[in-house]
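Everything on this sheet refers to the single structure shown next.
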Amino acid sequence: MTISASSFDALQLKNVGRSFGGQDALVDLNLTIRAGEFIALLGPSGCGKSTALNCLAGLLPLTHGQILIDDKRVDVLPAEKRDFGMVFQNYALFPHLSVQKNVAFGLQMRGVPRAEITRRVAEALALVRLEQHATKLPGQLSGGQQQRVAIARAVVLEPRLVLMDEPLSNLDAKLRLEMRTEIRRLHQSLGLTTVYVTHDQEEALSLADRLVVLREGHVQQIGTPQELHDNPANWHVADFMGYRNLLDLTVETVNGSEARVSGRGLSLAGHIVHHAAASDSVRVAIRPHDLTVVEPGASTSGLNTVEATVQVVEYQGREFAVEAVTDAGQNLFVHASSAPRPGDRVTLGVAPSRVLIYQADLAAEAGSPVTQTPLESVAS
Ligand code: ADP
Ligand code: MG
């Protein structure tokens with residue numbers, strides 16, 4: 001294989017910001033991307049993901065900050081001089097050109113010799129498994145195939161950085177999963193440094209080496225999938241990471257990093273993520289996977305227990321997603337390994353270490369601490 005990533009050591013975003021008519025869309029994005037890394041920008045619609053990507057691409061000028069590659073400014077370069085490849089949600093293929101001509105276009109613009117174009121286009125189409133479709137028009141392909149053409153068109157240029165903006169969001173669920181694997185495979189075989197924008201938490205967790213969670217233009221947390229999944233920095237990130245149980249409770253007692261919280265008929269021992277003092281209002285986050293139906297006869301030693309009544313049961317492969325309600329009327333999302341029935345009385349158990357206690361106020365606003373994993377600690 002000859003297509004490969006042309007490389008650098010590190011790409012740095014320093015206090016990168018962009019506003020539109022005085023409205024901040026992105027504020028103080030600080031991030032160091034290492035060559036070969038796959039970074040996902042994750043957050044709900046409107047949080048500034050595309051703004052960040054377009055600033056990187058050179059499609060939007062910055063209002064603040066700098067972008068550097070190995071200490072050389074690139075934010076001062078026009079988009080075409082940055083040597084980055086882009087893949088968009090809507091594919092943006094030329095409808096009147098065949099698949100191979102779409103992929104060849106960028107190479108022709110660069111004056112690459114004909115024989116080399118032929119070779120590289122064939123190779124790129126083989127990479128995305130579209131050899132058989134080389135002479136078709138984009139309109140004759142499925143959405144997933146069109147997106148593969150767009151990816152081939154980006155990687156054939158051997159860009160220093162590949163930027164992808166929600167590339168899978170127009171595809172149906174099954175194709176999305178297939179293409180996710182495809183993108184991961186391409187990344188692993190070519191070692192392309194990639195920045196990938198998505199609002200899909202699962203997609204980000206499964207693809208990225210590190211995630212950057214954005215909310216209202218502000219970075220909330222930067223870390224590996226495991227770090228974000230296990231230790232969200234605030235309840236917004238927890239919410240985004242699938243901690244479906246968010247309970248507004250009050251702190252009773254504090255003992256080091258542990259606290260007892262209560263309210264709504266619940267009394268739980270939990271882990272304080274930042275700080276909490278007696279009588280504080282807090283928001284407690286628990287993942288459904290950590291709050292489980294205790295099987296009859298199983299030990300609950302060391303666990304918080306909650307009595308509840310089963311309402312809804314949903315079969316999910318090897319386990320059951322259950323919605324239950326406490327006697328005080330608090331709804332809880334829990335998991336069970338065998339099927340309970342609606343109306344059953346159950347005991348729920350959760351380890352205190354998986355009951356995460358956050359300040360209830362919007363601690364994630366500007367100026368709050370942002371957690372970034374030191375690069376050195378990121379497995380390469
Ligand atoms: P995301 O990609 O996360 O959905 P965007 O980066 O597109 O979010 O948008 C972030 C914010 O900036 C939004 O409030 C959006 O309305 C605003 N915005 C984005 N582009 C423009 C623009 N060209 N003009 C004015 N406001 C914009
Ligand atoms: Mg967007």
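Order of listing sets the numbers, starting from 1, for every ligand and every atom in it. Here the structure is a predicted model, which means the values were calculated and not measured. Note that these values count all heavy atoms, side chains included, but never hydrogens, waters or copies made by symmetry.
Between Phe38 and His187, the angle of the ring planes goes over 60°, which puts this pair in the perpendicular group of the 30/60° scheme.
Each of Val273 and Val355 belongs to its own hydrophobic cluster when Ile, Leu, Val, Met, Phe, Trp and Tyr are linked at side-chain heavy-atom distances under 4.5 angstrom. The cluster map of Ile, Leu, Val, Met, Phe, Trp and Tyr, joined by side-chain heavy atoms under 4.5 Å apart, puts Leu332 and Ile357 in the same cluster.
Between Thr194 and Leu207 the shortest side-chain heavy-atom distance does not fall below 4.5 Å.
Geometric assessment of Arg244 against the ring of Phe333 yields a positive cation-pi assignment under the 6.0 Å and 45° thresholds.
For Glu202, the CD atom is loosely surrounded, since the number of other residues' heavy atoms within 6.0 Å does not exceed 12. Within a 6.0 Å radius of CD in Gln316, other residues, nucleotides and ligands contribute more than 12 heavy atoms. The number of heavy-atom neighbours closer than 6.0 Å to CZ of Arg264, taken from other residues, nucleotides and ligands shown, is 12 or below.
Between the side chains of His236 and Gln220, no donor-acceptor pair is found at a separation under 3.5 Å.
Take a cut-off of 2.8 Å around the Mg ion (ligand 2): the protein N, O or S atoms inside it are Ser50 OG.
Enumerated by chain and number, the residues approaching ligand 1 to less than 4.0 Å through a heavy atom are Phe20, Ala25, Pro44, Ser45, Gly46, Cys47, Gly48, Lys49, Ser50, Thr51.
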